[in-house]
Enquirer: 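Let me begin by handing over the structure; questions about it come next.
Numbered from 1 within each chain, the chains take letters A, B, ... in sequence-line order.
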Amino acid sequence: MSAFGERMSYLGEAVASAMSVAIHPRRFRFGDFALAFQRAACDGLPVCMGMGFLLGLILAFESAVSLRTFGLHSYVAALLAIGLFRELGPIITAIVLAGRSGSAFAAEIGAMKTDDELDALSTMGLAPVGFLVMPRVAAAALAMPVLTIFAELSGLVGGALVLAAMDVPPVVFWSNVVSASSAFIIALGLAKSVLFGAMVGLIGCIAGLRTRMSADGVGVSTTAAVVGGIVSVAVADGVIAVLCHVWNI
Amino acid sequence: MEHIVELEHVDAGYGGKTVLSDVSFSVERGEIFALLGGSGCGKSTLMKHMIGLNPVLAGRLTVAGEEWSAASRARLCRRIGVMYQSGALFGSMTCLGNVMLPLEEFSPLSRRERRAKAMELLASVGLEDAAGKMPAEISGGMKKRVAIARAMALDPDVVFLDEPGAGLDPLTSSALDELVLRLREERGMTFIMVTHELDSIFATADRCAVFDAARRSMVALGAPRWLADECEDEFTRMFLRRGGRA
Ligand SMILES: Nc1ncnc2c1ncn2[C@@H]1O[C@H](COP(=O)(O)OP(=O)(O)O)[C@@H](O)[C@H]1O
Ligand SMILES: [Mg+2]
């Protein structure tokens, strides 16, 4: 089977087992989900907040410095809010998730494969996709909106600090943020984040399942998980941006 | 006699690549059957066919009278148990959790009964004390014993053992041989093992199938003593006499 065909067959199996979990919710391995969610969401929170804060700080600073020449620096709040909610929040969080969790999924599942644990699951009659992939993908998809919200809020705090230093009071900053953003834009960003989370999780798990039985197998899979996760999230984000433009969203 | 596993003119291999051709033998209930041959002759390949991981290239392979197929898979998986070379215990669960896993997924027992059954299985491999330990905390020989307990959890018809003695010191390895003999005695279990440890074969196996990489086929079938002393195949006699026993 070609590499592409192999990935597609895992994808098909994942969709089938997601449907089977929807029909028989008791088959879902909740313990594994909880552990993966804790590692992705709780343990990943400080990194995402730190990244969001720095990004907000830097963006606000760079744009405020240019816009201040024209006395327009109070508009930075609106710029930052829309940028973070629509694009940057979900994207940077997905990149952090790919680096932290996509790689971890690939390494965990890859190590299990080289130790014959995947074969052991199969001969017990348990499909590795349903058993290992479903809980991890669900954890990644559900961790993303949580992480994204915290990253976005941290970004806004960073922006508020910069503008406060340029004599825009935080009250004015927040009211500009609120008037620029809408529930729809925030929801669109969060919906994207769920999609990105599922993609990063699935790509990480599939990289793990495809691990070669050689000394460098797990390392190669981990790289594939991170690179594949980031690139496909960027492509998906581009497609969504085009669709939003076409549909005037 | 009841054939638990039966191969008729089976070609073993991967995709387009044939590793062994025209293999035929059958394993009876209660038998300890060994697959024997040099490294790379195709023992593991043949075992992967028997446990349903890969389809055979040609011929007919049945387990408990049924061929592996999408329809029979769920049934057949419950009739076999497999001990992998490393044990393949799940690192995130305790030893007890590993033995309970097949019970949790497939047995109608209550939670308490499953636990009791798993403890009884661990006791039968002499490891009730390790129940709460993680696989990383126990030795290689203990891992293999836990893996045998897990393989027997659903009372299968046959347990496959991949290189049970590999990586173990001679004492631990012979303790494992005794365990296999005892489990056959107590539970009437059938074992099919892949090995090239001649001591272990003379101690446990009722019959062996011998494979030769050069001829890409099964070259002899019979009791180990007979293979070493009387078999007409030169390669087989040589192979079994290397054990230093003959
Ligand atoms: N996944 C695979 N794909 C293709 N060929 C393989 C694969 N695994 C093993 N082989 C080949 O099959 C032959 C038999 O290997 P194997 O069954 O592992 O031998 P044994 O277990 O008897 O040492 C070897 O020539 C090996 O190179
Ligand atoms: Mg082998």
Enquirer: Which atoms of A:M112 come close to chain B, meaning under 4.5 Å heavy atom to heavy atom: side chain ones, backbone ones, both, or neither?
Expert: side chain

Enquirer: By a 4.5 Å heavy-atom criterion (distance strictly below it), what part of B:L89 contacts chain A: side chain, backbone, both, or neither?
Expert: backbone

Enquirer: Locate the shortest heavy-atom distance separating B:F90 from A:A120; write the atom from each residue and the value.
Expert: CZ-CB, 4.3 Å

Enquirer: Quick one: what part of A:L118 sits under 4.5 Å from any heavy atom of chain B, side chain, backbone, both or neither?
Expert: neither

Enquirer: Relative to chain A, which segment of B:I51 carries a heavy atom at a distance below 4.5 Å: side chain, backbone, both, or neither?
Expert: both

Enquirer: Is it the side chain or the backbone of B:F160 that comes within 4.5 Å of chain A heavy atoms, both, or neither?
Expert: neither

Enquirer: Donor-acceptor pairs between chain A and chain B under 3.5 Å, which ones?
Expert:
residue: A:R29; atom: NH1; partner: B:E105; partner atom: OE2; Å: 3.3
residue: A:D115; atom: O; partner: B:S86; partner atom: OG; Å: 3.3
residue: A:D115; atom: OD1; partner: B:S86; partner atom: OG; Å: 2.7
residue: A:D119; atom: O; partner: B:Y84; partner atom: OH; Å: 3.1
residue: A:T123; atom: OG1; partner: B:Y84; partner atom: OH; Å: 2.9

Enquirer: Near A:F53 CZ, under 6.0 Å, is it more than 12 heavy atoms from other residues, nucleotides or ligands?
Expert: yes

